[in-house]
Amino acid sequence: MAKRNQHVVPHDDGWAVRGAGSQKASSVHRTQREAIDAGRAVARNQKSELFIHGRDGQIRGRDSHGNDPFPPKG
């Protein structure tokens, strides 16, 4: 399976998780929290990034689950 960043985006029915470059949502959820949890699970599994968008479509947060080139010390 190819590594594909995941995006949590507004959807007509609430919030959706969508793979980067895809027009179709991989899952749709009632709340943003549910969509973030689902998207995070996919991103962890694929070792990719999770981008969290606000209602306005702008990225408001991101979560990295891939190989971090600058991991924190300690």
Side-chain angles (χ1 to χ4, degrees):
M1 176 178 265
K3 194 157 91 164
R4 178 180 277 186
N5 293 333
Q6 300 299 307
H7 294 258
V8 173
V9 295
H11 187 273
D12 292 340
D13 297 326
W15 292 88
V17 177
R18 200 168 60 203
S22 178
Q23 293 299 315
K24 186 176 178 184
S26 55
S27 61
V28 178
H29 305 272
R30 217 171 36 91
T31 66
Q32 188 181 38
R33 169 57 38 207
E34 291 170 355
I36 290 169
D37 291 343
R40 185 169 284 134
V42 174
R44 275 190 191 127
N45 185 41
Q46 294 183 357
K47 295 183 179 6
S48 63
E49 301 258 346
L50 174 67
F51 292 90
I52 303 164
H53 297 257
R55 280 260 173 232
D56 60 1
Q58 295 294 314
I59 295 173
R60 68 175 188 90
R62 73 190 282 179
D63 204 358
S64 177
H65 297 283
N67 294 326
D68 190 352
F70 301 104
K73 295 183 180 183

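Since the structure is predicted, the reported quantities are computational estimates derived from the model, not experimental observations.
Using modelled atom types, one finds no donor on one side chain facing an acceptor on the other under 3.5 Å when comparing His29 with Thr31.
The two atoms that bring Ala35 and Val17 nearest to each other are O-CG2, 3.3 Å, heavy atoms only. Listed here is the closest heavy atom pair of Ser27 and Ala38: OG-CB, 4.4 Å. Between Gly39 and Leu50 the shortest heavy-atom distance is C-CD1, 3.8 Å.
A 4.5 Å side-chain heavy-atom check between Glu49 and Arg62 finds at least one atom pair inside the cut-off. Put simply, the side chain of Arg40 reaches to within 4.5 Å of the side chain of His65, judged on heavy atoms. The shortest side-chain heavy-atom distance between Ile52 and Ile36 falls under the 4.5 Å cut-off. Contact of the Trp15 side chain with the Val8 side chain is registered, since non-hydrogen atoms from C-beta on lie closer than 4.5 Å.
In terms of modelled atom types and a separation under 3.5 Å, the side chain of Gln6 and the main chain of Arg4 share a donor-acceptor contact.
A side chain to side chain contact (heavy atoms under 4.5 Å, CB included) with Asp56 is found for one member of Arg60, Gln58, His53 and no other, namely Gln58.
Remark: Arg30 CZ is loosely packed, at most 12 non-hydrogen atoms of other residues, nucleotides or ligands lying under 6.0 Å away.
To the nearest 0.5 angstrom, Asn5 atom CG is 13.0 Å from Ser22 atom OG.
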